[in-house]
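All remarks here apply to the structure that follows.
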Amino acid sequence: MTYIVYIILALCLFGLSTIIYRTFNKGLSHSAKGQQATRFGIASILAVLPYIIAGKICLSGAIIMIGVISASWMMSYPVLYYISHRKISADIDNYMDIAFGLYIFGWLSCLYILLVSSPLYLYGILLSLIEIAFISIIIFQAVYYILYRNSVDEDGIRVVRNTNINEIIEFTRAYSIWPTLAVIFTILSTIALVFVINAISEQPESSISWWKALLQTALFIIIGWTMWKPRKGAVHRTGIVKIYDDTILYSKANMKYIESRTKRMKDLSVSQLGDTPKEPHCYLMIIGESATRDYMSAFTNMDNNTTPWLKHVSEHDPNHFILFPNAYSCGIQTVPTLERALTEKNQYNDMAFNESCSIIDIAEKLGYTVKWYSNQGHLGTFDTPITIVAETATEALWTKQEINKVHYDHSLIDFLDRVDPSENNLVVLHLKGSHFNYLNRYPSDMTIWGKPGIPDSILNYENALHYTDSVLRQAFEYCKTRLNLQAMLYFSDHGDNPTRHRTPQFCDFIECRIPMFVYMSDEYIRNHNQRYESLISNRNKYFTNDLIYDLMCGIFDIKSNKFNENQSLAYNNYRFSREDLRTFQGKIRISDDN
């Protein structure tokens, strides 16, 4: 009778798996249905086989816990993906979350049966730790969906992997204390509940026989190998893990950038056009963060003068300061945006990042000393394309990242003392800008609107933009006075919407409308008049910041085998129109911004 019950249970698991799969997929082919039927059949048998081998096992809290975890894994990614994408596509045919949930049930059941008669500290603790690992991934997906109303995707995983401890602290503080405490309490309570249930579960009076233990061990190994074997294990075909694996492959591919640089530099041909100053000089590029021109008084009519310096110089000296009111970001996240902005790679070609020349490559080939100073946290050599490119500079320094301590962007001005005025320099400053949490982006004594230290999203954002304007002024004045500044480019990586929390998904064009301006000295205008005239005539044309590489090449006024002049605003034959341009890694048309 016991075995009949287990057979019925296997059939029920097969039926449940099939129902879940058919419910949360659309347009399945017959081959896909047949393949999954076979997969679910095998997984259902493996799920109940531990109990068939063991014979009669009393239902306990520990077994129920295993069932809940398994069912949660089966449902979490398919359901959240379906809810998020049902209006576009809900095809999860290649993912194995449902079958993997059944494998979890069988695998943990084997472990439970093998350890249940052992001392409590071994059985309860080991099983609980493994279960908590599974639960943490399930909870992560649920919390991510609650925050962003979307299932986890590659952009989300990259954001998580590239987040430092200070950003986590700031993110947590952005929410009121009670929801934060509720989440922490729920997580801790869940962990405690797992340990308690496993600790108080009824244990059998006698252990299983040696031959059953041997079979159980063999089954544990077989299911475990099916689940965890490198590269081809079932876990690597589940939704969340496959996304994570793809981001790891992306990072590994990026590391080839360093390896291929020697060859890239050898193949790079660059020649200077126009005249160059006889005295040592400097080019300055400043990368902003999360600044949208919709809240910047130099670009938009508004009550609060959020950019007093830029507004003044652009209105009183438009021949030297050129604003570009139709600049857009190519994405809404720093890493994928600057990966393109700093290199040949863009939305309009199929170049790989690790094969692309960078602005730094061009500058060094021209004989410039490149200094990269950043207030964005340095995560190490194996992190993002931004750091990888930055570390090819002659000198790359980051402000010291200390837990729970804020470094404001004016710290970068101090770095400028390291630039040798007797050399030709390209200086790159990467600001923290208006990155959320806005209240932490400026000192309290720089509060212009609202009260110091008091959260007010819009006023805090405007204060952050006002503070950035002062940093831009300081950097400009320093380089002009001490380093013989020839030209300066400022642009933001992407924008932000202070009226709502950030999300890795595209929501509104306000996150793409970025500020950008170019300053050119009198000496630069004399030496590179064609570039100057082209920038003046193209000032109102549409532009996406993945073309910054081409813009900088134009500002350098060069001819190169790694530069297409028709992609640069510094040339009269700039080829892009509003209808041609895209954002969000090529998925969204700029012309849809109404």
So which atom in [X] and which in [Y] form the shortest heavy-atom distance, rounded to 0.1 Å?
X	Y	value
G156	D153	N-OD1, 2.9 Å
S70	I104	OG-CG2, 3.6 Å
I69	I138	O-CD1, 3.8 Å
V335	I386	CA-CD1, 3.8 Å
F140	I240	CE2-CD1, 4.2 Å
S356	M351	OG-CE, 3.7 Å

Stepwise side chain to side chain donor-acceptor pair (under 3.5 Å) check, T226 with Y103: CA-CA 8 Å; T226 302; Y103 292 144; 6.0 Å; no
Would you please test C357 and R264 for side-chain contact (heavy atoms from CB on, under 4.5 Å) and show each step? CA-CA 7 Å; C357 277; R264 193 167 60 247; 3.5 Å; yes
At what distance, to the nearest 0.5 angstrom, does [atom1] of [X] lie from [atom2] of [Y]?
X	Y	atom1	atom2	value
N354	R261	CG	CZ	14.0 Å
L219	L46	CG	CG	6.5 Å
L9	F105	CG	CZ	6.5 Å
F40	T18	CZ	OG1	6.0 Å
I287	N375	CD1	CG	12.5 Å
C110	L215	SG	CG	10.0 Å

Taking ring pair (Phe, Tyr, Trp, His ring centres under 6.0 Å) as the test, write out the residues that go with Y328, two or more places apart.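 Testing Y328 for ring pair (Phe, Tyr, Trp, His ring centres under 6.0 Å), a comparison that skips the adjacent residues, returns none.
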The ring pair (Phe, Tyr, Trp, His ring centres under 6.0 Å) partners of F220 (sequence neighbours excluded) come to W107
Only counting residues at least two apart or in another chain, list the ones meeting side-chain hydrogen bond (donor to acceptor under 3.5 Å, both in side chains) with [X].
X	result
R582	none
E154	R158
E289	T334, Q376, H494
N349	N346

Using the benzene-type ring in the case of Trp, are the ring centres of Y95 and W73 under 6.0 Å apart?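 Distance test on ring centres: not under 6.0 Å, no.
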Measure centre to centre between the rings of F543 and F576, then say whether the value is under 6.0 Å. no
With side-chain contact (heavy atoms from CB on, under 4.5 Å) as the criterion, how do I510 and R513 come out once you've worked through the C-alpha distance, each side chain's angles and the decisive distance to 0.1 Å? CA-CA 5 Å; I510 191 173; R513 301 186 199 113; 3.9 Å; yes
Whether the [X] and [Y] side chains hold a donor-acceptor pair (N or O, under 3.5 Å, no angle test) is what I'd like checked.
X	Y	value
N198	S128	yes
S151	Y82	no
S457	Y438	no
N497	E511	no

Contacts of type side-chain contact (heavy atoms from CB on, under 4.5 Å), residue [X], not counting sequence neighbours:
X	answer
S44	L13, F14, L102
N564	N566, Q567
C12	I8
A71	none

Polar side-chain atom of S358 near backbone of D361 as donor-acceptor pair, under 3.5 Å: yes
Between the main-chain N or O of S290 and the side-chain N or O of D493, is there a donor-acceptor pair closer than 3.5 Å? yes
Do the non-hydrogen side-chain atoms of [X] and [Y] ever get within less than 4.5 Å of each other?
X	Y	answer
Y549	K562	yes
T384	L338	no
Y51	I113	yes
I157	V152	yes
P385	Y257	no
M65	E131	yes

Stepwise side-chain contact (heavy atoms from CB on, under 4.5 Å) check, V235 with M227: CA-CA 6 Å; V235 68; M227 295 169 68; 5.6 Å; no
Between D508 and R500, does the salt bridge (charged side-chain N to carboxylate O under 4.0 Å, His left out) criterion hold? Intermediate values first, please. CA-CA 11 Å; D508 193 288; R500 60 170 175 76; 5.9 Å; no
Check this for me: R578, atom CZ, are more than 12 non-hydrogen atoms of other residues, nucleotides or ligands nearer than 6.0 Å? yes
Is it true that atom NZ of K256 has more than 12 heavy atoms of other residues, nucleotides or ligands lying nearer than 6.0 Å? no
For D550, check salt bridge (charged side-chain N to carboxylate O under 4.0 Å, His left out) against everything at least two apart and list the hits.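 Applying salt bridge (charged side-chain N to carboxylate O under 4.0 Å, His left out) to D550 gives none.
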Name all residues meeting the salt bridge (charged side-chain N to carboxylate O under 4.0 Å, His left out) criterion together with K345; count only those two or more places apart in sequence or in a different chain, and write none if there are none. E339
Below 4.0 angstrom, N of the basic side chain to O of the carboxylate: do R237 and D97 qualify? no
Classify the ring geometry of F584 against F506: parallel below 30°, tilted from 30° to 60°, perpendicular beyond 60°. tilted
Applying side-chain contact (heavy atoms from CB on, under 4.5 Å) to Y461 and T292, what does each step give before you reach the verdict? CA-CA 10 Å; Y461 187 68; T292 177; 3.1 Å; yes
